[in-house]
Amino acid sequence: AVVSTQSTGVMGWTDIDIQVTNGDLETPYGMWREIFIWCLISSLVIHLVAGLLAWYSLGGHPIAVYAVPVFLLAGFLTPLFAGTITSAVIMFVYQAGGFTMSSLDAFLFGVGQTIVFTFVAASRIYVTL
């Protein structure tokens, strides 16, 4: 974001004009970071909902108290390891192709990674049943 200040002269107050630019997503680190953050946030939201649902469903079970932290830990570790690698791969493809990434692209890739990770994890559980 580009911040420029313009003095209005009214009691010495200063107006701050913030112009959002897409310059940060033109760097490899900026693209990777934006995709990774969206992957992390969406994964934590999904795992928080799953943990609260498990806590509510299991009611007074003594072990149900530990379900929420376990789900949140899983929601943090999956993007930390798998999300880091896949975000870097997406960033390398964008760099090699000479594309510019918008914030919407980063959002869609981050949430898409979470959906794929969740689907893969759920399909592994069904195999073991």
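Counting from 1, the numbers follow the sequence of the chain as shown.
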K.L.:
State the SG-CD1 distance between Cys39 and Ile115, to the nearest 0.5 angstrom.
P.N.:
10.5 Å
K.L.:
What are the two closest heavy atoms between Ala54 and Phe71, and how far apart are they?
P.N.:
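Looks like CB-CE1, 3.6 Å.
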K.L.:
Determine, using the 4.5 Å side-chain heavy-atom cutoff (strictly less than), whether Leu44 and Leu80 are members of one ILVMFWY cluster.
P.N.:
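Linked within one cluster.
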K.L.:
So, taking the atom named CE in Met101 and the one named CD in Glu26, what distance separates them when rounded to the nearest 0.5 Å?
P.N.:
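Taking CE in Met101 and CD in Glu26, the distance rounds to 11.5 Å.
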K.L.:
Atom CH2 in Trp32, atom CD1 in Ile37: separation rounded to 0.5 Å?
P.N.:
8.0 Å
K.L.:
Can you check whether Gly75's main-chain N or O pairs, donor with acceptor, with Thr78's side chain at less than 3.5 Å?
P.N.:
no
K.L.:
On a heavy-atom basis, which atom in Thr84 and which in Phe36 lie closest, and how many Å separate them?
P.N.:
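Minimum heavy-atom separation between Thr84 and Phe36: OG1-CE1, 3.6 Å.
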K.L.:
Applying the 4.5 Å side-chain criterion to the ILVMFWY set and letting contacts propagate, would Val116 and Ile90 be lumped into a single cluster?
P.N.:
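Different clusters.
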K.L.:
With ring pair (Phe, Tyr, Trp, His ring centres under 6.0 Å) as the rule and sequence neighbours excluded, what pairs involving residues 81-116 come up?
P.N.:
Trp38-Phe107, Tyr94-Phe99, Tyr94-Phe109
K.L.:
Can Val111 be reached from Leu108 by stepping across I, L, V, M, F, W or Y side chains whose heavy atoms are under 4.5 Å apart?
P.N.:
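In one cluster: yes.
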K.L.:
Holding to side chain to side chain donor-acceptor pair (under 3.5 Å), I want the full list of residues that pass it with Thr86, two or more places apart in sequence or in another chain.
P.N.:
Gln113
K.L.:
Can you tell me how far apart CG (Leu40) and CD1 (Ile35) are? Round to the nearest 0.5 Å.
P.N.:
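It comes to 13.5 Å.
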K.L.:
Which value, rounded to the nearest 0.5 Å, describes the distance between Met91 atom CE and Leu25 atom CG?
P.N.:
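Interatomic distance, Met91 CE to Leu25 CG, rounded to 0.5 Å: 12.5 Å.
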K.L.:
Find out if a path of hydrophobic residues (ILVMFWY) with successive side-chain heavy-atom gaps under 4.5 Å connects Tyr29 to Met31.
P.N.:
yes
K.L.:
Return the OG1 to CG distance between Thr100 and Asp105, rounded to the nearest 0.5 Å.
P.N.:
8.0 Å
K.L.:
Applying side chain to side chain contact (heavy atoms under 4.5 Å, CB included), can you list everything that pairs with Ala74, at least two apart in sequence or on another chain?
P.N.:
His47
